[in-house]
Amino acid sequence: MSLGLREFTLAECYAILEETRFGHLACCKDGQPYVVPIYFAYDSGVAYCFSMPGRKLEWMRENDKVCLQVDQRAGSGWRSVIAEGRFEEFPDTEVWRSERLHAWEMLQKHSDWWEVGSLKPQEVPVLGKSPHIFFGILVRSLSGRTAFAVD
């Protein structure tokens, strides 16, 4: 058996982003890339995400160019989509209230949406307000491929 390779159309890329909720987020600071696993919910050009403070947020605040990669096994092959875009934080302010609510609405459709974004390897001190951060990846370009079995 051998594999064939095909480029996805934009419509296929959008469909995969809409049905997928786990991927890998890449950001970069001072020429050093950093990639982390992340849950997201895609809607109308934005991949909505949730996180605790940490390296990825610090880096994305300094350099808003990011990349989200998702992949799926497909029979003997695979499917992969790359979304290049821009980081946008949704602070807990009145100006961003509707965007934060929309992010929460999209993410909470899945019971474990908060798990990866709320975990830290060390204990986090209890604060007077929530340290949780909602943000979006504003998708600027999409590409994708699939590898499939060829008889």
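Along the sequence shown, the residues carry numbers beginning at 1. FYI, side chains are in, hydrogens and waters are out, and symmetry mates aren't considered; it's all heavy atoms of this structure.
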Can you give me the closest heavy-atom contact between Ala149 and Leu3, atom names plus distance? N-CD2, 3.8 Å
Taking a hydrophobic cluster as the set of Ile, Leu, Val, Met, Phe, Trp and Tyr residues connected by side-chain heavy atoms closer than 4.5 Å, whether directly or through intermediates, do Val81 and Leu10 fall within one such cluster? yes
Membership question, hydrophobic clusters at under 4.5 Å side-chain separation (ILVMFWY): are Leu25 and Tyr34 in the same one? yes
Output, in order, the C-alpha distance, side-chain angles, deciding distance and verdict of salt bridge (Lys or Arg N to Asp or Glu O under 4.0 Å) for Arg100 and Glu94. CA-CA 10 Å; Arg100 283 177 64 86; Glu94 194 57 37; over 6 Å; no
Glu84 and Arg140 ion-paired at < 4.0 Å: no
Can Phe40 be reached from Val36 by stepping across I, L, V, M, F, W or Y side chains whose heavy atoms are under 4.5 Å apart? yes
How many angstroms lie between atom CG of Leu138 and atom CG of Asp64, to the nearest 0.5 angstrom? 9.5 Å
State whether a side-chain donor-acceptor pair under 3.5 Å links Glu7 with Ser143. no
Supply the atom-to-atom distance Ile137 CD1 to Cys27 SG, rounded to the nearest 0.5 angstrom. 9.5 Å
Asp43 and His102 side chains, donor-acceptor separation under 3.5 Å: yes
Could you tell me whether Glu99 and Arg97 make a salt bridge, using a distance below 4.0 angstrom between a side-chain N and a carboxylate O? no
Heavy-atom pair with the smallest gap, counting every atom of Trp59 and Cys28: CE3-C, 4.0 Å
When you look at His24 and Phe22, which way does the side chain to side chain contact (heavy atoms under 4.5 Å, CB included) test go after all the steps? CA-CA 7 Å; His24 294 90; Phe22 179 80; 4.2 Å; yes
Taking all non-hydrogen atoms of both residues into account, name the closest pair between Leu17 and Ala83 and its distance. CD1-CB, 4.3 Å
Side-chain touch Val66/Met60, heavy atoms, less than 4.5 angstrom: yes
Does any part of the side chain of Val46, heavy atoms only, come nearer than 4.5 Å to the side chain of Val139, both counted from C-beta? no
If you take all heavy atoms of Glu18 and Tyr42, which pair is closest and at what distance? CG-CD2, 3.6 Å
About how many Å separate CZ of Phe148 and CG of Leu5, when rounded to the nearest 0.5 Å? 7.5 Å
State the CZ-NZ distance between Phe87 and Lys56, to the nearest 0.5 angstrom. 10.0 Å
Main chain of Lys65, side chain of Asn63: is a donor-acceptor contact present, judged purely on distance under 3.5 Å? yes
So which atom in Glu89 and which in Pro91 form the shortest heavy-atom distance, rounded to 0.1 Å? O-CD, 3.1 Å
Steps toward side-chain hydrogen bond (donor to acceptor under 3.5 Å, both in side chains) verdict (Thr20, Gln72): CA-CA 9 Å; Thr20 306; Gln72 303 169 335; 2.9 Å; yes
Heavy-atom distance under 4.5 Å between the side chains of Thr146 and Phe8, does that happen here? yes
Working to the nearest 0.5 angstrom, can you tell me the gap between Trp104 CH2 and Phe134 CZ? 8.5 Å
Kindly compute the distance separating CZ (Arg6) from CZ (Arg145), expressed to the nearest 0.5 Å. 12.0 Å
How close do Ala47 and Leu68 get, heavy atom to heavy atom, and via which atoms? CB-CD2, 3.9 Å
Less than 4.5 Å apart, any side-chain heavy atom of Ile82 and any of Leu142? no
Centroid-centroid under 6.0 Å between Phe135 and Phe90 rings: no
Could you go step by step and tell me if Ser80 and Gln69 meet the side chain to side chain contact (heavy atoms under 4.5 Å, CB included) rule? CA-CA 7 Å; Ser80 176; Gln69 184 272 336; 3.2 Å; yes
